[in-house]
Amino acid sequence: MAKDFSTREENYSKWYNDIVQKADLAENSAVRGCMVIKPYGYALWENMQAVLDKMFKDTGHSNAYFPIFIPKSFFSKEADHVEGFAKECAVVTHYRLKNDADGNGIVVDETAKLEEELIIRPTSETIIWDTYRNWIQSYRDLPILVNQWANVVRWEMRTRMFLRTAEFLWQEGHTAHATKEEAIIETKQMLDVYADFAEKFMAIPVLKGTKSENERFAGALETYCIEALMQDGKALQAGTSHFLGQNFAKAFDVKFTSKEGKLEHVWATSWGVSTRLVGALIMAHSDDNGLVLPPRLAPVQVAIVPIYKNKEQYNQVCEKAAKLKDMLQEKGIRVKLDDRDTHKPGWKFNEYEFKGVPLRIALGPRDIENNTVELARRDTLEKSIYQQADLVNKVEHLLEAIQDNLYQKALTFREEKTFKADSWDEFNTILDDKGGFIYAHWDGTAETEQKIKDETKATIRCIPLESKPEAGTCIYSGNPSKQRVVFARAY
RNA sequence: CGGGGUGUAGCGCAGCCCGGUAGCGCGCUUCGUUCGGGACGAAGAGGUCGGAGGUUCGAGUCCUCUCACCCCGACCA
């Protein structure tokens, strides 16, 4: 087979870019830092959206939509929040263009300057909390459980397809609660939703934890996160859920009268996942032959490739293939019958391989004669012959098996790449030789975390929720520590 | 914003040092033979060489300016 992919070994980031391009997921656009998500890549995102959207609704949330523009003054109302986002905001200053008097084409009409400049949302807390003020008077108005699917803009210096682009698609949930406890429960619930989604649908095991102060969302009291491990041993933050306390309620003066008749500030959460998850999916499962997709999210779960020598065989094979397709479709399986006469079977085999289609059916004259099909699975690259009568069962079973196998492989990989370090030397050796997650003691100070980051580029990915307290000494400072935290180099 | 690099056909590149008819591979079009893992042959189409100015009889090539993009750093889901 012609290899036109870089391998992970040779050049991991080139391998990643090759997959994005060859699998037809996305391409660079005319706008620096922004990408065009192509139909196949978007279909993948739509599948993710569909599953998440249902999970959000099943937990009582409703969708709404807030403006892309945020008045500049809103931003400065929450001090930490501005500080966190100020450096990467796109700003709208004018609202009109005109023909240049000197004939240099279209220019900004300087007379059309906005009274108040508008920020293109990097996230929507401010505009949403400014709106919630009017929605909330009484404890009877609470909770508010709203999600929005939207695009946001963060003016990044260095961008990478899906992982970090100037504009990206995401969902952001914004909830308002009468009590601190209720808000914390919501924050954790949504973290669990994300972890469930990652593990059951994306087939990626994730670590749940909280962020250190340095890594916390600007304006949050606590940031919960799920962290996934990529095949190059680097960590990827796959989702975050924030307990915002009363910070935004105070900044935007959102108060309610409690049952007891007291005026109190509302408690808030926000939570989000983005198209970055597509990047996570690519890097978690794909191999040197291209993309590998978990069946539950794959835009096409089964591709049928007819094989024939002439028009007569083409008709005969396609007729049979269409019947098989209908049978599978009736079971809710996403099937594509590729009856294009413009490409050869071998070409199609390769195409579906690098596009990560979980199962491929080849159907030819021999199969027509024997009532068989050839089934090839993308994850193991195994091919087997089955009776057509068994096809639906086999396909259903194999799709499940592939989903499980991908998860198990990713889990085994993560386990093999998870280490404990008890000294600074050991920490550095593991980081440079093996990568992965490193459980190590930390004295809990931002200074130490920063120094470790400066010296090694490793950051605290999370303080794991499920770890037990354990006395020890900080690997960097030697000061006492109460529990291990997870370090890694990250995307 | 610092440091490095690249702009030549849809894509990937050679040509530049040493100025003299704009090339190669892939892709594309047509025809024929093929079709169970990226087919082969033949014939075609496709370019203001990133832009502006200069040197020269002559510039893709030399000089000056300019623009764009990519990579490495600082920042980040």
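Just so you know, these numbers use all the heavy atoms, side chains as well, and skip hydrogens, waters and symmetry mates.
Sorted by residue number, the list of members of residues 214-228 of chain A with any non-hydrogen atom under 4.0 Å from RNA chain B is empty.
Listed nucleotides B/A77, B/C35, B/G36 differ in distance to A/Lys309; the shortest reach to its side chain belongs to B/C35. Comparing B/C75, B/G36, B/G73 against the side chain of A/Lys457 picks out B/G73 as the nearest. Checking B/A77, B/G36, B/G73 against every side-chain atom of A/Phe168, the shortest atom distance belongs to B/A77. Comparing B/A77, B/G37, B/G36 against the side chain of A/Ile307 picks out B/G36 as the nearest. In the set B/G36, B/G37, B/A77, B/G37 carries the atom at the smallest distance from any side-chain atom of A/Lys383. Comparing B/G36, B/A77, B/G37 against the side chain of A/Glu353 picks out B/G37 as the nearest.
Under the side-chain hydrogen bond (donor to acceptor under 3.5 Å, both in side chains) criterion, A/Glu227 pairs with A/Lys211, A/Arg461, sequence neighbours left out. Partners of A/Lys208 by salt bridge (charged side-chain N to carboxylate O under 4.0 Å, His left out), not counting sequence neighbours, listed by chain and number: A/Asp192. Looking at residues two or more places apart in sequence or on another chain, you find a side-chain hydrogen bond (donor to acceptor under 3.5 Å, both in side chains) between A/Arg340 and A/Asp338, A/Glu351. In this structure A/Arg160 satisfies the salt bridge (charged side-chain N to carboxylate O under 4.0 Å, His left out) test with no other residue, sequence neighbours excluded.
Between A/Lys87 and B/C75, a side-chain N or O to OP1/OP2 separation shorter than 4.0 Å is absent.
In this structure, A/Leu236 reaches neither bases nor backbone, as no heavy-atom distance under 4.0 Å exists between it and the strands shown. Within the nucleic acid shown, A/Asp367 comes within 4.0 Å of at least one base atom, counting heavy atoms only. Note on A/Glu374: a base of the nucleic acid sits closer than 4.0 angstrom, heavy atoms only. Nucleic acid contact for A/Gln237: sugar-phosphate only, since backbone atoms but no base atoms lie under 4.0 Å from a heavy atom of the residue. Within the nucleic acid shown, A/Arg160 has no heavy atom closer than 4.0 Å to any nucleic acid atom.
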For residues 30-43 of chain A, which side-chain donor-acceptor pairs fall under 3.5 Å, sequence neighbours excluded?
unit_1	atom_1	unit_2	atom_2	d
A/Lys38	NZ	A/Asp24	OD1	2.8
A/Lys38	NZ	A/Glu27	OE1	3.4
A/Tyr40	OH	A/Lys355	O	2.7

Less than 3.5 Å apart, which donor and acceptor atoms pair up between the side chains of residues 274-282 of chain A and the rest of the protein, not counting sequence neighbours?
unit_1	atom_1	unit_2	atom_2	d
A/Ser274	OG	A/Arg276	N	3.0
A/Thr275	OG1	A/Leu169	N	3.4
A/Thr275	OG1	A/Leu169	O	3.3
A/Arg276	NE	A/Leu163	O	3.1
A/Arg276	NH1	A/Gln237	O	3.2

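Rounded to whole Å, the separation between the P atoms of B/C49 and B/G60 comes to 7 Å. A gap of 26 Å separates the C1' atoms of B/C31 and B/G36, to the nearest Å. For B/C35 and B/G23, the P atoms lie 37 Å apart once the distance is rounded to whole Å. Nucleotides B/A9 and B/G15, compared at atom P, are 15 Å apart to the nearest Å. On the C1' atoms, B/A59 is 30 Å away from B/C71, given to the nearest whole Å.
Listed by first then second residue, pairs satisfying salt bridge (Lys or Arg N to Asp or Glu O under 4.0 Å) with a partner in residues 366-378 of chain A read A/Asp287-A/Arg378, A/Arg360-A/Glu374, A/Arg377-A/Asp379, not counting sequence neighbours. Pairs of residues two or more places apart, or lying in two chains, never qualify as ring pair (Phe, Tyr, Trp, His ring centres under 6.0 Å) while including a residue from residues 357-388 of chain A. Contacts classified as salt bridge (Lys or Arg N to Asp or Glu O under 4.0 Å) and involving residues 289-318 of chain A (residues at least two apart or in different chains) are given here: A/Arg296-A/Glu400.
In this structure, the NZ atom of A/Lys22 is 9 Å from the C1' atom of B/G38, given to the nearest Å. Rounded to whole Å, atom P of B/C26 lies 16 Å from atom CH2 of A/Trp347. Rounded to whole Å, the distance from CZ on A/Arg154 to P on B/C75 is 17 Å. The CE-P distance, from A/Met157 to B/C1, rounds to 10 Å in whole Å. Atom pair A/Trp149:CH2 and B/A77:P shows a separation of 19 Å (rounding to whole Å applied).
Residues A/Glu83 and A/His81 bring no donor and acceptor atom of their side chains to less than 3.5 Å of each other.
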Which atoms of nucleotides 4-10 of chain B (N or O only) lie under 3.5 Å from a protein N or O atom, and what are those distances?
none

For nucleotides 68-71 of chain B, print each protein N/O atom paired with a nucleotide N/O atom at under 3.5 Å, atom names and distance only.
unit_1	atom_1	unit_2	atom_2	d
B/C70	OP2	A/Arg32	NH1	2.9

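Of the residues listed (A/Glu447, A/Lys451, A/Glu449, A/Glu455), the one engaging A/Tyr476 in a side chain to side chain donor-acceptor pair (under 3.5 Å) is A/Glu455, and it is the only one.
A ring-centre distance under 6.0 Å is found for A/Trp170 and A/Phe168. The aromatic ring centroids of A/Phe252 and A/Tyr132 lie 6.0 Å or more from each other.
Across the strands present, B/C13 finds its partner in B/G23; the criterion is a Watson-Crick or G-U wobble pair with both atom distances under 3.5 angstrom. Across all strands shown, the partner of B/C65 is B/G51, judged by Watson-Crick or G-U wobble contacts whose two distances both fall under 3.5 Å.
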